[in-house]
Amino acid sequence: MVEEWDFHLRSISASARDSNFANDPASDPSALQSVKRLHELCKNEKSEDLVARVYPSINKLFQRTVNSLARSRTSNGLLLLAILEFFLDFGEVVLHDADPSLRTFFRLCLSREFADPVVAEATLDFLNAKKKKLLTSFPTLLPQYFPLLLKLIAWNGEKLEKSFLKIFPGLMSPGSFLPLFPSLVDLPILVAALEKVERSSGSGSLIGGSIASIQKSTAPEMLLLLMDEAYTGSTIGDGGGDSESEDSNTIDVADPVFLDLLKDENDGLAERRWTSPGMAAALQAAMNSPESDRLKQTLQMAPRLLEMYFAIALRDVNDSLVCALIPLLMSKYATIFPDKIFSYEVRRRLLEFMLAAFQRSPDFIALLKKPIVDRIGEAYDSPGNMELALQLCWAIGEHGGGGSSHKDEARELFESLELLLYENLSSSRLGLWQESALTSSGATIRKSSQSRLLCFVVTAIAKLATCHCELQPRARVSLAKVARSRISDARVWMRARDYLGLMDEPAICLSILGPSHPSRKMQNPGMVNWSDGGSKMIAHVPFYILGGQEGLTYHDFSFSDILPKQ
């Protein structure tokens with residue numbers, strides 16, 4: 001054992017004196033094997049003295065490797081990962097703080113070699129193997145470098161997805177929770193930008209620092225431009241006539257959105273304008289060419305990553321951060337990579353999370369009154385915005401505008417719904433929708449969307465008035481106008497008529513339209529306890545549920561007609 005240990009130490013020291021390996025230690029094939037074997041010997045022998053004698057040589061090798069990164073043509077990732085593993089396992093013995101070494105690896109090595117599939121897989125294996133140590137001793141490391149890790153998984157695809165999902169929770173922290181959300185939604189855009197950089201690079205490969213050089217050369221200039229915009233109000237230009245080549249799809253590397261897409265470190269939440277040259281170029285490049293296998297895999301992975309993100313958010317993240325996420329979610333809803341299946345999968349998850357957050361904390365509706373009203377007002381901008389507006393209307397009614405303690409906010413939400421209702425009832429709005437349709441099928445789709453919106457708005461108005469009694473007179477007026485309007489879709493005016501009838505029976509109305517979170521201080525009258533239906537007579541049963549047909553209600557019934565059969 002002593003001879004083997006001495007042999008590997010001499011091997012590491014000799015490479016420093018060899019002119020072929022001194023300036024590029026990773027090019028020595030024996031260096032990696034020597035580090036791994038010395039690490040194994042130290043673990044097996046459990047000798048602090050042995051660790052102390054090995055450490056100086058391995059530390060010098062790490063420094064020489066880092067210093068050679070800029071000019072090295074050899075992959076350095078595997079050698080540095082082996083050294084980092086030694087530092088993490090024996091750092092306490094030799095009083096070595098591994099934090100600077102870890103950050104050096106991410107900033108200088110992985111930023112250049114994330115596209116190397118061997119280095120990418122080894123990095124994820126290392127992070128998973130040392131996950132407990134990293135999360136306890138260096139909790140800010142993964143949240144700081146989540147953009148770089150997203151580049152790694154986006155470029156290397158589904159083959160590394162399982163390994164990446166194991167470390168994904170470690171990417172989330174109070175400082176990274178909000179910036180991580182748009183990065184996940186824009187993962188296909190990131191792939192498109194990376195592929196554009198690869199095609200534009202002289203070597204035709206991302207390995208070797210092409211992105212790092214772009215960020216290094218443009219970041220100071222962009223910082224000055226952003227400062228100038230902030231203090232003088234001037235607008236950042238598009239880089240001038242020389243910033244683009246003859247290729248119309250060339251991405252302007254001075255664009256801040258482009259830099260934000262390709263950044264390696266978390267520097268906070270940045271607004272990504274889809275009208276910016278960088279985003280427009282990335283989208284144009286993606287849409288004008290067939291989808292690559294890498295992009296197809298990312299379109300599959302991103303919704304699954306979002307699903308895990310939302311699950312962690314509902315389970316572990318505090319209410320203030322979740323509340324701050326919802327406006328981001330609503331603004332991002334309309335700006336999603338234009339792939340039909342991807343858009344559907346992402347939007348479905350966004351809506352499910354938003355409604356789950358409202359269910360957990362109804363107060364969010366009152367706190368987020370302004371962005372909610374803004375999104376409802378944008379219902380006609382696109383089909384996606386229409387669906388978001390429908391769900392927001394439902395949430396407003398379902399949770400009483402935030403609850404009985406938020407009367408002012410509920411009144412303002414009610415007024416917004418009221419305005420939307422009257423706009424849709426006006427003949428000008430109906431005519432506009434019909435005239436704007438180019439085909440009869442288009443007219444039918446638009447008319448159906450408007451009817452759905454009116455049904456949701458009418459229901460929300462009735463529910464708000466049930467929760468906040470002071471709104472009932474105004475609600476009756478609004479519902480009566482709809483019931484008398486006899487607009488072409490009978491579902492709308494019939495629903496308004498039914499709600500007016502329910503409001504004449506307060507107890508029944510409260511049991512059906514009351515808030516989903518009734519006050520615990522008193523039992524709401526008319527609430528039906530179905531579990532006691534077999535043994536107790538319960539008043540105020542909504543008789544119309546027995547039939548659902550027109551005509552007189554049936555008062556001669558038994559509870560067996562309502563309760564499910566055992």
Side-chain angles (χ1 to χ4, degrees), residues 310 314 322-323 325-327 329-334 344 346-404 406 409-425 448-468 471 474-475 478-479 482 489 491-496 498-500 502-503 509-518:
F310 287 140
L314 290 172
V322 173
C323 186
L325 174 64
I326 294 176
L329 181 152
M330 291 190 289
S331 63
K332 196 66 186 164
Y333 193 87
Y344 169 79
V346 169
R347 284 177 174 145
R348 178 174 66 83
R349 286 166 172 81
L350 298 186
L351 290 178
E352 288 176 352
F353 168 75
M354 182 183 70
L355 296 178
F358 287 150
Q359 178 72 23
R360 189 181 79 173
S361 303
D363 288 353
F364 287 173
I365 295 176
L367 295 172
L368 301 174
K369 174 196 62 183
K370 178 63 167 58
I372 288 175
V373 169
D374 290 343
R375 299 308 165 196
I376 291 177
E378 297 170 356
Y380 303 107
D381 292 353
S382 68
N385 285 350
M386 171 65 75
E387 190 62 32
L388 177 60
L390 290 174
Q391 300 302 324
L392 289 173
C393 288
W394 181 89
I396 290 172
E398 180 70 10
H399 303 293
S404 57
H406 296 280
E409 292 84 355
R411 176 180 51 78
E412 294 180 38
L413 290 168
F414 181 92
E415 290 172 351
S416 298
L417 294 172
E418 200 176 37
L419 177 61
L420 186 61
L421 179 67
Y422 291 153
E423 284 181 348
N424 278 272
L425 288 178
S448 175
S449 297
Q450 187 193 31
S451 297
R452 285 188 69 208
L453 179 63
L454 282 173
C455 286
F456 275 71
V457 170
V458 165
T459 302
I461 285 176
K463 286 190 168 189
L464 273 178
T466 303
C467 182
H468 301 275
L471 298 175
R474 293 177 62 174
S478 300
L479 295 175
V482 177
D489 196 325
R491 293 174 298 176
V492 180
W493 59 262
M494 288 179 65
R495 181 165 296 193
D498 290 343
Y499 290 152
L500 280 172
L502 275 176
M503 293 176 74
C509 188
L510 189 60
S511 67
I512 297 173
L513 299 178
S516 58
H517 291 270

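Just so it is clear, the structure is predicted and the values come from calculations on it, not from any experiment. Start at 1 with the first residue, then count along the sequence.
Ring orientation note: the planes of Phe310 and Phe353 are close to parallel, at an angle under 30° on the 30°/60° scale.
With rounding to the nearest 0.5 Å, the separation of CZ in Arg495 from CG in Leu454 is 10.5 Å. Rounding to the nearest 0.5 angstrom, the gap separating the CD atom in Glu387 from the CG atom in Leu453 is 10.5 Å. To the nearest 0.5 angstrom, Ser478 atom OG is 6.0 Å from Leu421 atom CG.
Side-chain N or O atoms of Arg347 include one that pairs as donor or acceptor with a backbone N or O of Tyr333 at under 3.5 Å. Judged purely by atom type and a 3.5 angstrom limit, Arg360 uses its side chain to pair as donor or acceptor with the backbone of Leu314. Under the 3.5 Å distance criterion, the side-chain polar atoms of His406 are left unmatched by any main-chain donor or acceptor of Gly401.
Residues Glu418 and Arg411 are not paired through a salt bridge, judged by the lack of any N-O separation under 4.0 Å between the basic side chain and the carboxylate. The pair Glu352-Arg349 does not meet the salt-bridge criterion, since no charged nitrogen lies less than 4.0 angstrom from a carboxylate oxygen.
Here the side chains of Lys370 and Glu412 are not in contact, with every heavy-atom distance at 4.5 Å or above. At least one side-chain heavy atom of Thr459 sits under 4.5 Å from a side-chain heavy atom of Tyr499.
Atom OH of Tyr344 is surrounded by 12 or fewer heavy atoms from other residues, nucleotides or ligands within 6.0 Å.
Across all their heavy atoms, Phe456 and Leu390 have their closest contact at CD2-O, 3.1 Å.
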